[in-house]
There are 2 protein chains.
Amino acid sequence: MVQYHRPELDRVFGAVADPTRRAILDALARGPARITDLARPFPVSLNAISKHVKILERAGLVARDVVGREHYCRLETERLREAAAWLERHKAFWESRLDALARHVTKRRQAERRAAVRRRGDAGAAHARARTGASR
Amino acid sequence: MVQYHRPELDRVFGAVADPTRRAILDALARGPARITDLARPFPVSLNAISKHVKILERAGLVARDVVGREHYCRLETERLREAAAWLERHKAFWESRLDALARHVTKRRQAERRAAVRRRGDAGAAHARARTGASR
DNA sequence: ACATAATTCAACCGAATGGTTCAATATCAT
DNA sequence: ATGATATTGAACCATTCGGTTGAATTATGT
């Protein structure tokens, strides 16, 4: 179940981790656009957008058609599909595992409670004493 | 359709963009584990893993229960669900848009061909001249 | 009490990011 | 030919990242 390193996933997830790049992808969903068009709504330089597009390209999320001096960018959905599949698969798996664990813990808790009642007192097992995290 | 900046997505996608962190998540799918347990399979220092876990925590993908000196980490699926939903939604939207564009282009191509035939010669429109990208 | 174990903190390092500015290149329009 | 337009290249900067090492902190076992 633990698979070997897949650099495409690094690049795809790395690419969509940036809000500007997600916005660029959204813009491209409206149809192909040139670098200049893509850059217009953003408060950053044209060069910055050019770099972002290059990153999206390396991630395989965007392709470009060069027409004279103009570069038309368009979405490329295959890699996105792969990334979505990875997330979906893991989400499903993790959730089922968590359910299984929850059932297991519940069963163990019941067993512990019965044992504690038998012995009387000291109802708190180590698990119950855990100060649960998310401290920030 | 273009939504405002969602930093959780930055953090979640950023977190899963790293192969070591994806592997940690996979390990945690087998059940809660301490930092030391998580670190064992990796060729990097314990400190490095500690940092990775902290990043996963900030992304909301992992929570920890501190029991004495031991930190038990476990998966937290909510944020993952959100990220998966984002990808799914966009994947679906982009694919439908691409289909629509394809239909549109096809129709336009047919119209152009008819026009070209009427005029005779010079069949190549600008679009057809585009040297398609993915040049690396 | 004391050594050991589990973890973080702090400082550091090199490489990658996201941004800038100022050319350079190539194409289009006149 | 000339000038404007679209884009990249190159150099630079501050910050973040992924990693290290060494010391500090806290809890456990004897």
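Residue numbers start from 1 in every chain, and the chains themselves are labelled A, B, ... in the order their sequence lines are given, proteins ahead of strands.
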For [N] and [X] - does any side-chain N or O of the residue sit under 4.0 Å from the phosphate oxygens OP1/OP2?
{"X": "H52(B)", "N": "dG19(D)", "answer": "yes"}
{"X": "S45(A)", "N": "dT20(C)", "answer": "yes"}
{"X": "R21(B)", "N": "dG18(D)", "answer": "yes"}
{"X": "S50(B)", "N": "dT8(C)", "answer": "yes"}
{"X": "K54(B)", "N": "dT7(C)", "answer": "no"}
{"X": "K51(B)", "N": "dT7(C)", "answer": "no"}

Separation of [N] [atom2] from [X] [atom1] (nearest whole Å):
{"X": "D18(B)", "N": "dT17(C)", "atom1": "CG", "atom2": "C1'", "value": "15 Å"}
{"X": "R11(B)", "N": "dT17(C)", "atom1": "CZ", "atom2": "P", "value": "20 Å"}
{"X": "L56(B)", "N": "dC17(D)", "atom1": "CG", "atom2": "P", "value": "13 Å"}
{"X": "D37(B)", "N": "dA6(C)", "atom1": "CG", "atom2": "C1'", "value": "10 Å"}
{"X": "L38(A)", "N": "dT8(D)", "atom1": "CG", "atom2": "P", "value": "11 Å"}
{"X": "F42(A)", "N": "dT20(C)", "atom1": "CZ", "atom2": "C1'", "value": "18 Å"}
{"X": "L46(A)", "N": "dT20(C)", "atom1": "CG", "atom2": "P", "value": "10 Å"}
{"X": "E70(A)", "N": "dC28(C)", "atom1": "CD", "atom2": "P", "value": "8 Å"}

Ignoring hydrogens and angles, does a donor from either the side chain of R69(A) or the base of dT5(D) sit under 3.5 Å from an acceptor on the other? yes

Decide yes or no, distance alone: a donor-acceptor N/O pair under 3.5 angstrom between the base of dT21(C) and the side-chain of N47(A). yes

If the test is side chain to side chain contact (heavy atoms under 4.5 Å, CB included), which one of L75(B), V16(B), D18(B), I24(B) qualifies with L56(B)? I24(B)

Can you check whether E70(B)'s main-chain N or O pairs, donor with acceptor, with R34(B)'s side chain at less than 3.5 Å? no

Just call it for I55(B): base, sugar-phosphate, or nothing, with non-hydrogen atoms closer than 4.0 Å on any strand. sugar-phosphate

Determine whether R22(B) and H5(A) satisfy the following criterion, side chain to side chain contact (heavy atoms under 4.5 Å, CB included), listing intermediate values before the conclusion. CA-CA 9 Å; R22(B) 286 200 303 277; H5(A) 184 195; 4.0 Å; yes

Select one nucleotide: of dT8(C), dT7(D), dT8(D), the one nearest the side-chain heavy atoms of I35(B). dT8(C)

Can you list the steps and then say if W86(B) with R6(B) is a side chain to side chain contact (heavy atoms under 4.5 Å, CB included)? CA-CA 11 Å; W86(B) 188 92; R6(B) 289 195 310 188; 3.0 Å; yes

Kindly give the heavy-atom pair with the smallest separation between P19(A) and D10(B), and that separation in Å. CD-OD2, 3.3 Å

